Every structure is written in C-alpha cells, then in structure tokens.
Amino acid sequence: MVALKSLLVHALLAATSTASSLLKRQYPGPGRVTGDTNVHDPSVVKTPAGLYILAHTGDNVSLKTSTDRTAWKNAGAVFPNGAPWTTTYTGGSKNLWAPDISYRNGRYYLYYSASTFGSSRSAIFLATSSTGLSGSWTNQGLVIESTTSSNWNAIDPNLIVDAQGRWWLSFGSFWSGLKMIPLDPNTGKRSGSDLISIASRPSNGGAIEAPYITRRGNWYYLWASFDKCCNGAASTYRVMVGRSTSVTGPFVDKAGNQMMSGGGTQVMASHGSIHGPGHQAVFTDADADVLVYHYYANDGQAFLGINLIRYDNDWPVVY
Ligand SMILES: *[C@@H]1O[C@H](CO)[C@@H](O)[C@H](O)[C@H]1NC(C)=O
C-alpha cells in the first residue's frame with residue numbers, strides 16, 4: 001500500500017513537472033538578434049538579393065537592414081527630408097507608425113499610418129520604391145482616412161494579395177475593430193467604397209489592433225494584437241490568430257469562436273522578462289515562416305522579437 005502510494009506520488013510529481021515544463025515552453029523566448037534592435041511595430045521584407053529590410057515606427061518611418069536575420073543595423077529613414085503631407089494627422093509630429101513593407105511585381109510597397117495617440121483622426125498613406133532603401137521612396141498619397149466621428153481607426157495597415165491576385169488592405173485599432181478594403185493592384189490605392197469588418201472585441205473595450213493577414217495552402221490567417229501596447233513593461237499586448245478559407249473572413253479561432261465576437265487563439269503573450277509581445281508581422285523565409293514583433297524588456301525598452309512558425313493541423317505554433 002505504502003509502495004503503491006509512493007509510486008502514485010512519483011507518477012503525479014512526474015506528470016506535474018512535465019505539465020509545468022510544457023507550460024514554460026509554451027511561449028519561446030525571442031530568437032537571438034544583435035545590433036540595432038530597438039524597434040516598435042516592425043515588419044520585414046526579404047529582397048530578391050537576400051537582404052532583410054525592416055521598417056518600424058519612427059521619425060519619417062525608420063528602416064533597419066540585416067544580411068542574416070540576426071545582426072541588424074540602422075538604415076536611415078524612408079523619408080529623410082520629412083513627410084509634410086502627414087502632419088495634419090500627427091499634430092506636427094514626425095513620428096509615423098506601423099509601416100507595412102512588402103515586395104510585389106518588382107516594387108516595394110510601404111503602407112504606414114499618421115495619427116496621434118488615442119485619436120481616430122488618422123490616415124494611411126502609401127509609398128513605393130524600386131530598392132526599399134532610405135531616400136528611395138516616392139509618396140503615392142493617401143489611401144484611407146478616418147475622422148474623430150468614425151467608429152474605426154485608419155492605422156496599422158497590412159497588404160494581402162489573395163489567391164485570385166486581388167489586393168486588400170486590412171487595418172484598424174480599437175473602436176469597432178479591424179477593417180478591410182479592396183485595393184486597385186495597379187495603383188495600390190483604394191478601389192470602390194467597400195469597408196469590411198473582420199474582427200472586433202465588443203466586450204473588451206475594443207482592445208484589438210494591428211491586423212496582419214497571411215495565406216498558406218487553403219487558409220487565410222488573421223493575426224492581431226489584443227489588449228494594450230505602449231506601456232513599457234506594463235504592456236499587455238499579446239498575439240492572437242484566427243483562420244478562414246476566405247480572405248475577408250469570417251475568421252474563427254481554434255475553439256470555434258468568431259473573431260468578430262472577440263475570438264482569437266493566443267500564440268504568444270507576456271512571459272518571464274518578455275512583456276507585451278505584439279504588433280506582429282509574418283514573412284516567409286527559406287527555412288520557415290517568420291514571426292516578427294516587438295516586446296518590452298523589464299526596463300521598458302522595446303526590442304525586436306523574431307521567432308519561427310510551424311503549423312500543427314494548419315494552426316500556427318511559434319518556436
Ligand atoms: C525627418 O524629416 C525632417 C524634415 O521634416 C528632418 O529635419 C529630420 O532630420 C528627419 N529625421 C529623420 C530621422 O530622418
């Protein structure tokens with residue numbers, strides 16, 4: 001009896017320690033990066049020559065480059081001479097937010113936002129370039145704007161080209177949630193007047209932003225950040241995902257909840273000294289799909305996080 005009891009205790013202890021080590025391994029630490037890695041709201045494109053170009057929130061939109069995805073260096077601003085067309089939305093600030101960089105049909109596209117914190121008076125602009133590097137970008141003007149009376153917010157843009165070659169821009173932050181509009185692939189600008197709702201958090205103060213849509217096989221994945229950014233180590237941002245067979249949704253999480261009703265499967269959240277990981281972007285590299293995001297260290301500084309993505313029954317898992 002005593003022996004059996006001790007066996008049971010051992011089995012229980014073993015099970016508990018396996019469970020707790022599984023829990024600890026649930027969110028991997030960010031992969032090693034070196035150099036200039038203070039970033040907020042990153043997105044990355046890999047050029048045909050193999051250079052990684054990272055765009056992030058900063059004055060005149062900031063750029064960094066890497067030849068190996070590990071060592072990063074400052075690479076100037078998208079608009080070294082400023083972007084005066086944005087200042088009516090920024091209250092004069094040079095700080096431009098959440099650039100989305102990609103390469104399509106031999107050109108680099110950069111959608112980025114101009115706003116002030118907590119205001120829905122915001123705009124998304126487009127710039128294009130033949131190299132993606134600092135000073136090479138041409139302003140293509142306004143894509144969409146929101147006003148103080150809109151119940152949505154024109155920030156945090158992301159371009160997705162669907163399986164039929166149609167272009168869409170998802171965007172949004174708080175209020176009634178994440179939206180999507182069709183774009184004209186010839187210009188990268190808005191086409192028609194459709195405004196499609198793709199996700200919202202009606203019971204959580206609308207705390208959802210930074211949509212990023214990827215396509216893999218028959219699935220479209222809608223990645224989003226829940227809760228609060230921008231509070232240093234007290235930030236509660238976390239990375240969520242849902243999927244749909246249609247680019248415009250409905251996106252549904254692993255448990256079957258609609259993202260329009262607050263659903264989302266958590267793929268990364270604060271752990272240890274990694275606080276508020278979020279504002280994710282995804283790009284496909286030779287070895288894997290790659291998740292990039294920012295997180296805050298204990299001292300409140302924002303850093304670049306990079307992890308790889310594998311798929312488990314067509315659901316993304318970060319490692
Ligand atoms: C941003 O643009 C302004 C001109 O409006 C310029 O004075 C400033 O040096 C630029 N800053 C960066 C980081 O490019």
Side-chain angles (χ1 to χ4, degrees), residues 33-47 49 51-67 69 71-103 107-119 121-146 153-159 171 173 188-189 210 229-230 232 235 278-279 281 283 292-297 299-306:
V33 288
T34 61
D36 299 321
T37 60
N38 277 122
V39 308
H40 207 271
D41 311 327
S43 71
V44 172
V45 68
K46 189 178 186 181
T47 71
L51 182 72
Y52 299 89
I53 304 177
L54 182 153
H56 65 100
T57 290
D59 282 2
N60 311 332
V61 185
S62 306
L63 296 170
K64 299 198 183 329
T65 55
S66 173
T67 55
R69 210 174 68 197
W72 294 88
K73 59 181 187 199
N74 289 329
V78 164
F79 306 111
N81 302 315
W85 55 89
T86 61
T87 51
T88 54
Y89 301 91
T90 63
S93 169
K94 306 268 182 264
N95 201 248
L96 296 170
W97 299 351
D100 174 52
I101 191 167
S102 62
Y103 182 71
R107 283 214 293 183
Y108 295 87
Y109 287 79
L110 189 95
Y111 293 89
Y112 60 97
S113 23
S115 187
T116 53
F117 199 86
S119 168
R121 166 80 172 136
S122 309
I124 292 167
F125 290 91
L126 171 63
T128 56
S129 161
S130 57
T131 65
L133 300 175
S134 175
S136 72
W137 292 87
T138 303
N139 171 28
Q140 303 290 354
L142 184 73
V143 179
I144 188 168
E145 67 181 320
S146 50
N153 195 9
I155 67 167
D156 290 0
N158 170 242
L159 168 66
F171 57 90
S173 164
K189 304 288 276 291
C229 80
C230 315
S235 301
H279 209 293
F283 70 99
V292 298
Y293 55 97
H294 71 241
Y295 67 90
Y296 297 88
D299 67 2
Q301 281 193 79
F303 285 100
L304 171 63
I306 298 186

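For ligands, and for the atoms within them, numbers begin at 1 and follow the listed sequence. Values below: every heavy atom of this structure, side chains too, minus hydrogens, waters and symmetry copies. Please read these numbers as outputs of a predicted model, since none were measured by experiment.
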Exercise. Between Tyr112 and Phe125, what is the ring plane arrangement, given parallel below 30°, perpendicular above 60°, and tilted in between?
Worked result: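 Geometry flag for Phe125 against Tyr112: parallel rings.
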
Exercise. Parallel, tilted or perpendicular for His294 and His279, by the 30°/60° rule?
Worked result: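 Rings of His294 and His279: parallel, under 30°.
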
For this session: State, yes or no, whether a side-chain contact exists between Leu126 and Tyr109 at a heavy-atom distance under 4.5 Å.
Result: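 They are in side-chain contact.
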
Problem set entry | Test item: Asn38 and Phe303 side chains (from C-beta on) under 4.5 Å apart, heavy atoms |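 With C-beta onward as the side chain, the pair touches.
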
For [X], counting its heavy atoms only, list the atoms of ligand 1 lying under 4.0 Å from any of them.
X	answer
Gly82	2 (O), 4 (C), 5 (O)
Asn81	2 (O), 4 (C), 5 (O)
Ala77	14 (O)

Exercise. Passes side chain to side chain contact (heavy atoms under 4.5 Å, CB included), Tyr52 versus Phe283? Steps please.
Worked result: CA-CA 11 Å; Tyr52 299 89; Phe283 70 99; 3.8 Å; yes

Problem set entry | Best match, Thr87, Asn74, Asp59, Asn60: closest heavy atom to atom 11 (N) of ligand 1 |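 Selected option, by shortest heavy-atom distance: Asn60.
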
For this session: Tell me which protein heavy atom sits closest to atom 6 (C) of ligand 1, plus the residue, atom name and distance to 0.1 Å.
Result: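 Here the closest protein heavy atom is Pro80 O, 4.0 Å.
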
Exercise. Where is the nearest protein heavy atom to atom 5 (O) of ligand 1: which residue, which atom, and how far?
Worked result: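 For atom 5 (O) of ligand 1, the nearest protein heavy atom comes out as Lys94 CE, 3.1 Å.
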
